[in-house]
Trainee: 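If you scroll down you'll find the structure; I have some questions about it.
Quick note on labels: first sequence line is chain A, next is B, and so on, each numbered from 1. The figures here come from the full heavy-atom set of this structure, side chains too, leaving out hydrogens, waters and symmetry mates. Note that the coordinates shown come from a computational prediction; the quantities given were computed from them, not determined experimentally.
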Amino acid sequence: MTYKHEIVEKKWRTIWEKYHLYKATDFDKREKKYILAEFPYPSGSKLHVGHCFRYTMPDIYSRVLRMKGYNVLFPIGWDAFGLPTENYAIKTGESPKETTKKNIGIYREQLKMMGYSFDWDREVNTTDPNYYKWTQWIFLKFYENGLAQLKEEPVWWCEDLKTVLANEEVLDGPDGEKISERGGKRVERRMMKQWVLKITEYADKLIEGLYTVDYPKSIIDAQINWIGKSNGARVRFLTDKTEIPIEIFTTRIDTIFGATFIALSPEYPDIEKFIKEDYKSQVEEYITKAKNKTEVERMQNKEKTGEFTGSYAINPFNEEKIPIYTADFILPGYGTGAIMGVPAHDSRDYEFATKFNIPIKRVINPIDQDSLQQMPFEDDGILINSQFYDGKTSHDAREEMLQWIEDTKIGKRETHYKLRDWIFSRQRYWGEPIPLIHKKNGEIEEVEEKELPLELPDIEDYKPTSDGLSPLAKIKDWVEIKDENNKIIGLRETNTMPNWAGSCWYYLRYIDPKNDKEIASKKLMDYWLPVDKYFGGGEHTTLHLLYSRFWHRFLYDIGVVNTQEPYKFRRNTGLVLGSDGQKMSKSIGNVINPDQEIEKYGADALRIYICFIGPYDGTVTWQEAGLAACRKLVEDIYTIHKKVSDIEDDHKIKGAINIMVKNITDDIEIFHMNTAISEIMIFINLLKKETKVSKNTWKIFLRCIAPFAPFITEELWQDINGNKEWTENNSIHLQPYPEYDPKLESKQITMPIQINGKFRGTIEIQRGESEEEIKKQIYNNRKVSDYLKNKNIKNFIIIKDKIINIVTG
RNA sequence: GCUGGGGUGGCGGAAUCGGUAUACGCGACGGACUUAAAAUCCGUUGGAGCAAUCCAUGUGGGUUCAAGUCCCACCCUCAGUACCA
């Protein structure tokens, strides 16, 4: 009879759930481990195998830790605010609240079917007022500390989504145009007054923190890059209109003797003051054209353009007179919006100078003088044509020049960042209301803490509009705050928070999800923080992962949490492609639905296959045949169980299971679940050849694989132990994990023999065998000794218990 | 362009420190069972060669007793990012 997974899995799921088998215990004496995987967005489409890929490995890891005696917190919740739900509501007329509730129900059921060992008592939901009360509370803390501000600046507006987006939410589309992260719709620049969170003030702290955590190099580099810190200098150039100087920003002050022009962005304030009468018409035309170009057009046309203003600036280092241009490759938002052009040592300046016939003056020679000198030369080197500084290295010259500009007050050291402040308001309905009130007198007042949560009102019409106002603006009685005489004294802020807000601190709420006095108890946070292992998508590198590090560091600074970094360790989840090698998508029709696979093969088989499919952080391809093979493995286990009897341990099997335990334990430690599964297969292949299997061996085996296949192992464990009734204490999932016993390691080993580096055969020796004995064995081995006939042995290399290499002359 | 991964059989992929390359699985081939097929089970399976043997980890060099692994140069590919001075 074949194994009936549908019956077994349902039975155990119900029992485990009833007894809260996987609950984490606050303040427990056992060492704590906080294992976290990014919580899902419960969208209209059901759970995806991608989700299974994300959660299966951390679940197995958590299960192993639990069996090894740790107090494990492995929680789950719902990141439910955001556009997809709202768009769905607009389309169907069902309220986002209803949709969310329904979807969460489906997702929860599916995750339970997979047998994940979440502590369901700690479930959180970002759209629950008891949750977002604290999201709003943290926002107010930002506001009170001057880190939430209303700012008028160019923002990305998406006409399709009818809201502004943060820099991090804007991606490059296939044609080089800017598109939204959600939905891939076109975005454009607009000047708007928006709430920002001043993440820029945390730029240095966010960089420094990266040196204290264990993240993949790719994430660390990407975040450092995104923050884009550059140390440089602000230098004042006097102009022939002496009363108005121009301040430029440069990181290469060592090249300043090579500056042959100045370029201002078309948006440069007071630019018109530099435009000489004779040049007025063409410069003004250029500026108007540049300003009307969209960001996209301006960047797509990489060819340098610009206009001479007719004015000149004086280089403070050598008093040279250099022309002032305006050019649209100078960005208004970075540095001072003005640069010194050094064509010999900057490729963009070089391009510009070549086009406008501006002199190119070399001031840096490569240290390696004989390499042919190419233009432009952008590396550091030795200064030439720089008067007093000639012969100095770029590094030394920079230091001395910075000192000089500070002494003479013509400039100062300055640091700039690519990172922009986080645009934090959205003109959409389905998000946390920003708890602020705009008073009649122009002041802004916080919603009092005792009035939190400021609940999102139920409304009929969620539709966003193009006027830059949120749908909440239409609900008069919610927006208008009146005094006792029914006079309007203030208006509520109607923008909502971005969908990233709730996920910035969810890992804190898991620690104390029902606390109504604070975001979580300080003592509990001291106990559980930081998160020991964090798993999630690589697409969040410069979004959620950066944002939540920022929030956490801020909470640390105001004394709410006790660690500077939220996550000690991070690994990314890879991507599951369809069997055609393409990204799974409904339109292609290659999406795999976990429900159907569970129905057909069982959750145990699916879990095993998800491990076996490939490395956790890799891009893997779904293959139905692979899943079928894993189902076969489950059936093999079920079949072998019938061969278990009261016999003595076989020596060979005992050694084999010991090695399996070692290899699996090592693999799990480094999250190589695919090779752990192959170890299981190797051992099963061995047992298939046996007619009987000892109880002792089988018990070790079942405990070893229980984290991978929790259902069948519980079933067989109860059976083999003859338990009449399941109790928490006899559940396999709370038994100790098997341990490797070095004493059982076989004394006899197979040594490979190489002759001149080529493998020629093996000999059987005892561990730690003497050189003489090994040599004797080699000469006794016909195959190997044949190679040595009539040869001088020049070198005889023994790597203990590993390999032997004989070098002949 | 820059940054970070990769490149190993027909395919998915293994290979702590440099130490038997191709584990495990899929597929393929051969066989058993069957009237037959499916399922299952047992073998074989990197390439060339009758064989001894030789050749294979993107390409070309190098270091080493020994290189998929380390060093140099290059090619291809995936991801991120990009006029940031």
Trainee: Name the nucleic acid region contacted by A/Thr250, choosing base, sugar-phosphate or nothing; use a 4.0 angstrom heavy-atom cut-off, strictly under.
Mentor: sugar-phosphate

Trainee: Between B/U16 and A/Asn663, is there an OP1 or OP2 to side-chain N/O distance shorter than 4.0 Å?
Mentor: no

Trainee: Quick test of your reading of the model: are A/Glu635 and A/Arg631 salt-bridged, counting only N-O distances below 4.0 Å?
Mentor: yes

Trainee: Quick one: sort the A/Phe569 and A/Phe535 rings into parallel, tilted or perpendicular, breaks at 30° and 60°.
Mentor: perpendicular

Trainee: Output, in order, the C-alpha distance, side-chain angles, deciding distance and verdict of side chain to side chain contact (heavy atoms under 4.5 Å, CB included) for A/Ile668 and A/Met673.
Mentor: CA-CA 6 Å; A/Ile668 290 168; A/Met673 301 304 170; 4.0 Å; yes

Trainee: Pick base, sugar-phosphate or nothing for A/Asn756, based on heavy-atom distances below 4.0 Å to the nucleic acid.
Mentor: nothing

Trainee: Rounded to the nearest angstrom, tell me the gap between atom CD1 in A/Ile613 and atom P in B/G12.
Mentor: 12 Å

Trainee: Say we look at B/C24 and B/G9: how far apart would their C1' atoms be, to the nearest angstrom?
Mentor: 14 Å

Trainee: Using the P atoms only, state how far B/G4 lies from B/C70, rounded to an integer number of Å.
Mentor: 15 Å

Trainee: Take N1-N3 plus N6-O4 or O6-N4 for Watson-Crick, N1-O2 plus O6-N3 for G-U, both under 3.5 Å. Which runs of 3 or more such pairs involve RNA chain B?
Mentor: B:1-7 with B:75-81, B:10-12 with B:24-26, B:27-32 with B:40-45, B:46-48 with B:53-55, B:58-62 with B:70-74

Trainee: Counting the atoms with a prime plus P, OP1 and OP2 as sugar-phosphate, which does A/Ile753 contact under 4.0 Å by heavy atoms, base, sugar-phosphate, or nothing?
Mentor: nothing

Trainee: Can a donor-acceptor pair under 3.5 Å be found between the side-chain atoms of A/Asn795 and the base atoms of B/C65?
Mentor: no

Trainee: A/Ile339 side chain: which of B/A85, B/G4, B/G13 is closest?
Mentor: B/A85

Trainee: With a 4.0 Å cut-off on heavy atoms, is A/Ile682 in touch with a base, just the backbone sugar-phosphate, or nothing at all?
Mentor: sugar-phosphate

Trainee: Any idea which of B/G19, B/U3, B/A23 is nearest the A/Asn225 side chain?
Mentor: B/U3

Trainee: Which word best sums up how the rings of A/His540 and A/His544 line up, parallel for under 30°, tilted for 30 to 60°, or perpendicular for over 60°?
Mentor: perpendicular

Trainee: Taking the C1' atom in each of B/U53 and B/G6, what is the distance between them to the nearest angstrom?
Mentor: 35 Å

Trainee: Assess, by modelled atom type and distance only, whether the side chains of A/Thr56 and A/Tyr61 contain a donor and an acceptor separated by less than 3.5 Å.
Mentor: no

Trainee: To the nearest Å, give me how far apart CG (A/Asp636) and C1' (B/G25) are.
Mentor: 13 Å

Trainee: What interatomic distance, in whole Å, is found between P of B/A15 and the corresponding atom of B/C65?
Mentor: 28 Å

Trainee: For A/Ile804 and for A/Arg760, locate the closest nucleotide of RNA chain B by heavy-atom distance; then report the residue assigned to the nucleotide nearer the 5' terminus.
Mentor: A/Ile804

Trainee: So what does A/Pro615 touch, heavy atoms closer than 4.0 Å: a base, only the sugar-phosphate, or nothing?
Mentor: sugar-phosphate

Trainee: Separation of A/Tyr417 atom OH from B/U81 atom C1', in whole Å?
Mentor: 20 Å

Trainee: Considering only side-chain heavy atoms of A/Trp226, which listed nucleotide, B/G25, B/A82, B/G5, is closest?
Mentor: B/A82

Trainee: Counting heavy atoms from C-beta on, name the nucleotide in B/C83, B/U20, B/G4 closest to the side chain of A/Phe759.
Mentor: B/U20

Trainee: Considering only side-chain heavy atoms of A/Met681, which listed nucleotide, B/C24, B/C65, B/A85, is closest?
Mentor: B/C24

Trainee: Can you check the A/Leu686 CG to B/A23 C1' distance for me, whole Å?
Mentor: 15 Å

Trainee: Does the side-chain hydrogen bond (donor to acceptor under 3.5 Å, both in side chains) test come out yes or no for A/Tyr417 and A/Asp204, once each step is laid out?
Mentor: CA-CA 10 Å; A/Tyr417 302 91; A/Asp204 279 324; 2.8 Å; yes

Trainee: For atom NZ of A/Lys355, is the number of surrounding heavy atoms from other residues, nucleotides or ligands below 6.0 Å larger than 12?
Mentor: yes

Trainee: May I ask you to verify if any side-chain N or O of A/Asn685 is less than 4.0 angstrom from the OP1 or OP2 atom of B/C24?
Mentor: no

Trainee: Let me know which of A/Phe352, A/Phe356, A/Phe237 forms a ring-ring contact (aromatic ring centres under 6.0 Å, His included) with A/Phe261.
Mentor: A/Phe352

Trainee: Would you say the side-chain atoms of A/Thr326 and A/Tyr286 include a donor-acceptor pair closer than 3.5 Å?
Mentor: no

Trainee: Check this one for me: any side-chain N or O of A/His672 less than 4.0 Å away from OP1 or OP2 of B/A15?
Mentor: yes

Trainee: Glycosidic conformation of B/G9, syn or anti, with 90° from 0 as the boundary?
Mentor: syn

Trainee: Using a heavy-atom cut-off of under 4.0 Å over every strand shown, decide if A/Ala625 touches base, sugar-phosphate, or nothing.
Mentor: sugar-phosphate

Trainee: For A/Ser218, which contact category applies under a 4.0 Å heavy-atom criterion: base, sugar-phosphate, or nothing?
Mentor: sugar-phosphate

Trainee: Is a donor-acceptor pair below 3.5 Å formed from side chain A/Lys304 to base B/C83, judging by atom type as modelled?
Mentor: yes

Trainee: Look at all strands and tell whether A/Ser347 reaches a base, only sugar-phosphate, or nothing, counting heavy atoms closer than 4.0 Å.
Mentor: nothing

Trainee: So which one's nearest nucleotide on RNA chain B is more toward 5', A/Glu168 or A/Lys688?
Mentor: A/Lys688

Trainee: Check the chi torsion on B/C17 and let me know: syn if it falls within 90° of 0, anti if not.
Mentor: syn

Trainee: Using a cut-off of 4.0 Å on non-hydrogen atoms, how would the nucleic acid contact of A/Asn805 be classed: base, sugar-phosphate, or nothing?
Mentor: base

Trainee: Regarding A/Thr541, tell me which of base, sugar-phosphate or nothing describes its non-hydrogen contacts under 4.0 Å with the strands shown.
Mentor: nothing

Trainee: In this structure, how many angstroms lie between the C1' atom of B/G25 and the OH atom of A/Tyr609, rounded?
Mentor: 10 Å

Trainee: Evaluate the side-chain hydrogen bond (donor to acceptor under 3.5 Å, both in side chains) criterion for residues A/Tyr609 and A/Glu624: first the C-alpha distance (whole Å), next the side-chain angles of each, then the deciding distance (0.1 Å), finally the verdict.
Mentor: CA-CA 10 Å; A/Tyr609 177 56; A/Glu624 184 90 7; over 6 Å; no

Trainee: Any idea which of B/C65, B/U20, B/G4 is nearest the A/Asp221 side chain?
Mentor: B/G4

Trainee: Over how many whole Å does the gap from A/Tyr616 atom OH to B/A14 atom P extend?
Mentor: 16 Å

Trainee: Reckon A/Thr675 has a side-chain N or O less than 4.0 Å from the OP1 or OP2 of B/G13?
Mentor: no

Trainee: Given B/A85, B/C26, B/G19, identify the nucleotide with an atom nearest to the side chain of A/Lys632.
Mentor: B/C26

Trainee: Does the side chain of A/Arg549 pick up a donor-acceptor pair with the side chain of A/Gln223 at under 3.5 Å?
Mentor: yes

Trainee: Measure the distance from NZ on A/Lys758 to C1' on B/C55 and round it to the nearest whole Å.
Mentor: 9 Å

Trainee: Distance check needed: B/U16 C1' versus A/Ile799 CD1, whole Å only.
Mentor: 16 Å

Trainee: Taking any heavy-atom pair under 4.0 Å as a contact, classify A/Lys229: base, sugar-phosphate, or nothing.
Mentor: nothing

